[in-house]
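First the structure, in the form of structure tokens, and then the observations on it.
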Amino acid sequence: MKVKGIIFDLDGVLCRTDEEHFKAWKALAEHIGVSDFTREDNARQRGVSRMESLEVVLAKSAKSYTDAEKLRLAEYKNDIYKEMLKSMTPADLDPDVMRALDALKKSGIKVAVGSSSKNTPTILSRLGLCGFFDAVADGNDITRSKPDPEVFLLAAKRLTLEPRECLVVEDALSGVEAGHAGGFKVAAVGEAAKLGVADYDMEKLSDLIKLVL
Ligand code: B16
Ligand code: MG
């Protein structure tokens, strides 16, 4: 397929921070006495905002929480997550991811990040990817998280491209749905590639090279 731009999701696509999100949510769940928080629960948190992700955990608790308490719980999780990010370095970048990004950049295709995460700037900086992307849109820029297309539409706008000229790359069902809602074609990796809901399912990110070049 021919595209002018590719918009990458971050957690679970460009890096493995999806695993750190899981561990931090699991720690929060245990902190509030929820002992059966599973990877299936975590799959429903992929791509959705921090506060909506918290609701997935709280749905398993018998207690009810005020808005102020919810904010404190989300902060508790985010503090654990940010502590994990401190040990991240450019060496954590998967060589396959770097191979895909380099090949796309050399070909002249514009590249962007479209992530629900408010930690996107920290992660890109820790991975040594500050300034690499032609545009970044993240959780700090949006009010509606995936499956709403807001973050991808903003990334496309910042690339000065139309959705139909871009491909979205996602690991989450919510992200595939967001891409489609915005009028994008979507390629899936990881969890989302097992669902058969995207336009293209890939085993690894460098499969993009044969898909678009
Ligand atoms: P934060 P993505 C999403 O990032 C994660 O998949 C999701 O699990 C998380 O809740 C969300 O970011 C918000 O993250 O708490 O760091 O702001 O997959 O859209 O890159
Ligand atoms: Mg993701």
Side-chain angles (χ1 to χ4, degrees), residues 6-29 37-59 70-86 88 92-94 97 111-127 129 133 135-155 168-179 181-182 184 186-195 197-198 201-202 204-205:
I6 301 195
I7 304 171
F8 294 92
D9 171 55
L10 183 66
D11 300 315
V13 171
L14 293 178
C15 55
R16 297 314 321 264
T17 39
D18 52 332
E19 188 60 23
E20 266 99 39
H21 273 299
F22 170 68
K23 287 181 188 151
W25 284 121
K26 180 91 185 146
L28 183 267
F37 179 75
T38 63
R39 285 188 182 270
E40 286 68 43
D41 297 322
N42 175 242
R44 283 183 284 117
Q45 296 176 309
R46 284 178 189 270
V48 307
S49 70
R50 194 177 305 165
M51 295 311 289
E52 289 169 277
S53 295
L54 173 67
E55 294 297 341
V56 175
V57 183
L58 298 188
K70 286 181 184 180
L71 279 175
R72 276 199 296 278
L73 293 178
E75 207 176 299
Y76 178 95
K77 179 267 174 178
N78 196 45
D79 285 344
I80 297 172
Y81 180 62
K82 282 196 299 189
E83 202 51 43
M84 293 173 176
L85 295 182
K86 282 187 186 160
M88 204 173 188
D92 290 309
L93 251 185
D94 188 324
V97 170
V111 288
V113 173
S115 166
S116 303
S117 176
K118 293 185 172 173
N119 289 298
T120 298
T122 307
I123 295 170
L124 291 180
S125 150
R126 295 221 66 95
L127 292 174
L129 287 176
F133 292 93
V136 175
D138 65 40
N140 301 291
D141 300 314
I142 56 165
T143 53
R144 299 180 303 278
S145 83
K146 303 164 188 175
D148 189 285
E150 187 179 9
V151 78
F152 294 138
L153 291 174
L154 182 61
V168 160
V169 186
E170 261 293 345
D171 72 310
L173 175 61
S174 65
V176 176
E177 289 173 347
F184 297 86
V186 183
V189 286
E191 290 300 312
K194 298 175 194 161
L195 305 175
V197 288
D201 291 327
M202 305 187 298
K204 54 189 188 308
L205 212 64

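All residue numbers in this chain count up from 1 along the given sequence. These values consider heavy atoms only, across backbone and side chains, with no hydrogens, waters or symmetry-generated copies. Order of appearance sets the numbers: ligands from 1, and atoms from 1 within every ligand.
Near ligand 1, residues D9, L10, D11, H21, Q45, R46, G47, V48, S49, R50, S53, Y81, S115, S116, S117, K118, N119, K146 come within 4.0 angstrom through at least one heavy atom.
With waters left out, the protein N, O or S atoms under 2.8 Å from the Mg ion (ligand 2) add up to 3.
Side-chain atoms of H21 and D11 include a donor-acceptor pair closer than 3.5 Å. With 3.5 Å as the limit, one finds a donor-acceptor pair spanning the side chains of D41 and T38. For the residue pair Q45/N42, the side-chain donor-acceptor check at 3.5 Å is satisfied.
The environment of NZ in K118 is sparse: at most 12 heavy-atom neighbours from other residues, nucleotides or ligands sit within 6.0 Å.
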Assess whether side-chain contact (heavy atoms from CB on, under 4.5 Å) is satisfied between D92 and R16, documenting all intermediate values. CA-CA 9 Å; D92 290 309; R16 297 314 321 264; over 6 Å; no
Starting from the C-alpha separation in whole Å, work towards a yes-or-no answer on side-chain contact (heavy atoms from CB on, under 4.5 Å) for V151 and D141. CA-CA 8 Å; V151 78; D141 300 314; over 6 Å; no
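Residues meeting the side-chain contact (heavy atoms from CB on, under 4.5 Å) test with L173, sequence neighbours left out: E177, L195, V197. For E19, the salt bridge (charged side-chain N to carboxylate O under 4.0 Å, His left out) test picks out R39, with sequence neighbours left out.
Residues K146 and D9 are paired through a salt bridge, judged by an N-O separation under 4.0 Å between the basic side chain and the carboxylate.
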